[in-house]
Structures are given as C-alpha cells and as structure tokens.
Amino acid sequence: MHYTPAPEARPLPDETFSAKNQSERKDTSTQTDRISLSKSLPPATPSSSPNPPPIPTPPPMSDRISDPARGSGVEIPYKLDWIFPRLRNPNMFWYVTSQIVITVVGIFSKFVLTFWNKTHVHNRDRLIRVVSKRPKGTPLVTVSNHYSCFDDPGLWGTLPIRLVCNTFSIRWSMAAHDICFTNRWHSMFFMFGKCIPVVRGNGVYQEAINLCIEKAALGHWIHVFPEGKVNMEKEELRLKWGVGRIIYESPKIPIILPMWHEGMDDVLPNVEPYVFNRKKRVTLNVGEPLDLTKFVLDLKKHNVPEPEARKLITDKIQEAFRELRAETEKLHRERF
C-alpha cells in the first residue's frame with residue numbers, strides 16, 4: 001500500500017549530519033552563513049549601554065527582515081501580513097475568541113492523550129512549575145523533538161486544565177505557513193490558537209522570529225521545534241538557529257526547558273488517512289532546565305558575532321537533546 005507522507009514532514013535540504021564529519025560540512029541552508037568558531041573568545045570590550053527594559057515593542061536588531069514574503073524564493077500561498085499586527089497587539093475580541101479556541105483544543109488534546117491513549121510523563125511537576133510559578137516577567141522557552149503533526153497541541157494535554165485551557169498561560173508556538181495558514185479560516189483558527197506563521201526556508205531574520213522575541217520580552221512562554229519540521233525518519237537533524245536567536249536577543253534571558261517524547265507518531269501517524277489511534281503508549285520526558293545565563297552574557301560581553309553566538313546557543317540545546325533522547329527512548333522501551 002502506498003502512503004503519502006504528511007506535507008509538514010517533507011524534507012528540506014542539508015538537515016542531517018554525521019558527528020564524524022560535522023566540522024567538515026558547509027552550511028547550505030538559507031539561514032545566515034556559519035562562521036568558523038575559534039577555541040577562545042576575543043578580548044572583552046567595555047560597554048556602558050544599559051540593558052533595555054522589557055517593553056511590548058521588540059528591541060532594536062540589526063539586519064532584520066520584517067517582510068514575511070521575503071526570502072529565497074519561498075512560495076507563500078496565502079498573504080500573512082494581516083496576521084502579525086493582530087498577534088502583536090491583541091484586542092479584547094482576540095482574547096475572548098482565543099480563550100474559546102484554546103479551551104476546545106485543550107480539552108480535545110487532554111482527551112486524546114489521557115483517555116484514548118496511555119501517556120506517562122516523567123518530571124511533569126517540573127513543566128508545571130516553570131509554566132505557572134516562574135518569576136513574573138521571566139520568559140520561558142520550551143524545546144522538543146517533532147515526530148507528529150499532533151505534537152502541538154497534543155503534548156499540552158498532559159498539563160492541568162487550568163493551564164492547558166487558559167489563553168493567558170498556554171504557549172506561543174510557530175506553525176508552518178504552508179500547512180496552517182493557507183486560507184483565511186485556517187489562519188484565523190491557528191491565530192486564535194496562539195500560533196505564529198513561520199515561513200520555512202526564510203531564515204532566522206523573519207517576522208515569526210521577531211514576534212517570538214517580542215513575546216519573550218513580555219515574559220511569555222514560547223515553544224519551539226528546533227528541528228524545523230516533522231522528523232519522520234527520526235534522524236539527528238542539525239537544529240535550526242532561530243531558537244538561538246530568540247534566546248540571545250531576548251531582553252531577559254529565558255528559562256530554557258528541553259523535552260523529548262516518544263509515541264506521538266503512533267497516536268497520529270504521519271501518513272494518510274491521518275486518523276487518530278487509540279490505546280497507544282506515549283512517553284514524555286521533561287529535562288532539567290538549561291541555565292545559559294552566564295554563557296549568553298559572556299557571549300555578549302566578548303562581542304561574539306551574532307551568527308556565531310546563536311549557533312553556539314543552539315549547540316547547547318543539541319547536546320541536551322542527545323542526552324534526553326537516549327534517556328527517553330530507554331524509558332519508552334521499558335513500557336513494552
């Protein structure tokens with residue numbers, strides 16, 4: 001039988017890599033060219049500029065691309081320019097409608113994961129704590145692998161109702177423009193679901209990343225799939241540097257929480273007819289928060305070039321993913 005893979009899982013060039021030849025590869029993605037890393041940082045130069053306070057508008061950034069249609073020939077089937085102002089400055093109607101959408105989707109996600117299927121969450125309290133009890137104004141960036149189109153919102157069905165059904169506490173998440181934002185009705189649904197349209201292939205200087213930085217400046221929760229697509233083959237992919245830019249340019253360094261899950265692609269397979277399954281096992285493992293505060297401050301103190309800095313930050317997440325993946329796969333196997 002021939003299966004058609006989910007469109008979000010289509011391959012993008014130059015995403016897999018081998019640990020043996022990683023240093024010999026050339027980065028041919030549409031993101032900023034990789035800068036060769038030196039083993040020592042350049043000498044520090046004094047700076048008298050105070051840190052900018054968290055404000056609704058984004059901090060000033062160089063060589064920003066604000067036009068969502070700009071890129072290297074990426075096709076945009078539906079115009080996105082009307083969406084970003086509504087996400088950037090939501091009004092009362094937006095909040096009311098968003099609360100309805102978030103509640104419906106949250107209840108559905110909880111039903112699928114906790115009633116239809118057998119989901120076990122390791123370190124669940126750790127996730128609940130950073131979502132609901134982190135210091136006011138402190139942003140949260142969660143990162144996880146991406147094995148199914150249902151990863152988001154499905155994974156959040158493991159949270160208590162008071163969090164998963166609350167538009168003020170649930171995450172912001174980037175969603176593929178050519179999957180979720182293809183017409184006005186789909187766009188409105190995902191917009192009210194706190195999804196930000198990201199144009200895959202347009203690099204790190206695009207409006208979706210800019211908006212994530214703005215939300216981080218407000219102390220919000222942003223979830224990122226650094227693999228940049230549904231990883232059907234479950235390969236170790238070179239993580240996209242957008243997450244590094246979000247962390248590096250956030251006025252206040254976020255809490256970074258890595259997670260890894262197994263079994264979500266059994267709940268919703270990545271092939272037609274895209275029907276939810278029942279009685280499948282899902283394992284979600286919430287890792288230790290990554291404290292990159294000193295690391296990021298050192299990068300800024302030593303004036304490390306921005307492309308190199310975000311690459312170094314992303315590498316830290318890649319290392320955490322490797323350890324968390326091995327641990328989670330073992331925990332998942334033990335359930336069979």
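Owing to the predicted nature of the structure, the values given are computational and were not obtained by experimental measurement. Every heavy atom of this structure was used, including side-chain atoms; hydrogens, water molecules and symmetry mates were not.
For K300 and Y248, the positive end sits near the middle of the six-membered ring, less than 6.0 Å away and at most 45° from its axis. Taking the ring axis of Y78 as reference, the NZ or CZ atom of R184 does not stay both within 45° of it and closer than 6.0 Å to the ring centre.
The heavy-atom pair separating I102 from G193 by the smallest distance is CD1-O, 3.7 Å. Taking every heavy atom of both residues into account, G242 and V204 meet most closely at N-CG1, 3.5 Å. In terms of heavy-atom proximity, T142 sits nearest to H223 at OG1-ND1, 2.7 Å. The shortest heavy-atom contact between M191 and W94 is O-CZ2, 3.5 Å. Here the closest heavy-atom approach between residue C180 and residue A175 is recorded as SG-CB, 3.8 Å. Residues L324 and W260 come closest through the heavy atom pair CD2-N, 3.6 Å.
A donor and an acceptor atom, one from each side chain of R245 and N210, are located under 3.5 Å apart. No hydrogens or angles considered: nothing links the side chains of N117 and T119 as a donor-acceptor pair under 3.5 Å. Judged by distance alone, the side chains of T314 and Q318 never bring a donor and an acceptor atom under 3.5 Å apart.
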Show me the side-chain donor-acceptor pairs of residues 132-140 shorter than 3.5 Å, one per line, residues at least two apart or across chains.
residue, atom, partner, partner atom, Å
S132, OG, I128, O, 2.7
R134, NE, T138, O, 2.7
R134, NH1, V130, O, 3.0
R134, NH1, V131, O, 2.9
R134, NH2, G219, O, 3.0
T138, OG1, P135, O, 3.3
T138, OG1, K252, NZ, 3.3

May I have the list of side-chain donor-acceptor pairs in residues 156-166 shorter than 3.5 Å, sequence neighbours left out?
residue, atom, partner, partner atom, Å
W156, NE1, D152, OD2, 3.0
T158, OG1, L155, O, 2.7
N166, OD1, F168, N, 2.9

With side chain to side chain contact (heavy atoms under 4.5 Å, CB included) as the criterion, how do I247 and I313 come out once you've worked through the C-alpha distance, each side chain's angles and the decisive distance to 0.1 Å?
CA-CA 8 Å; I247 295 168; I313 293 169; 3.9 Å; yes
Which is it for R200 and K229 under the side chain to side chain contact (heavy atoms under 4.5 Å, CB included) test, yes or no, and what are the steps along the way?
CA-CA 9 Å; R200 295 185 296 176; K229 68 165 189 172; 3.6 Å; yes
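With sequence neighbours left out, H122 forms a side chain to side chain contact (heavy atoms under 4.5 Å, CB included) with H120, T283, N285, L331.
The closest side-chain heavy-atom distance from H177 to L80 is below 4.5 Å.
Relative ring orientation between F225 and H146 is described as parallel, the plane-to-plane angle staying below 30° on a 0-90° scale split at 30° and 60°.
Centroid-to-centroid, the aromatic rings of W116 and F276 stay 6.0 Å apart or farther.
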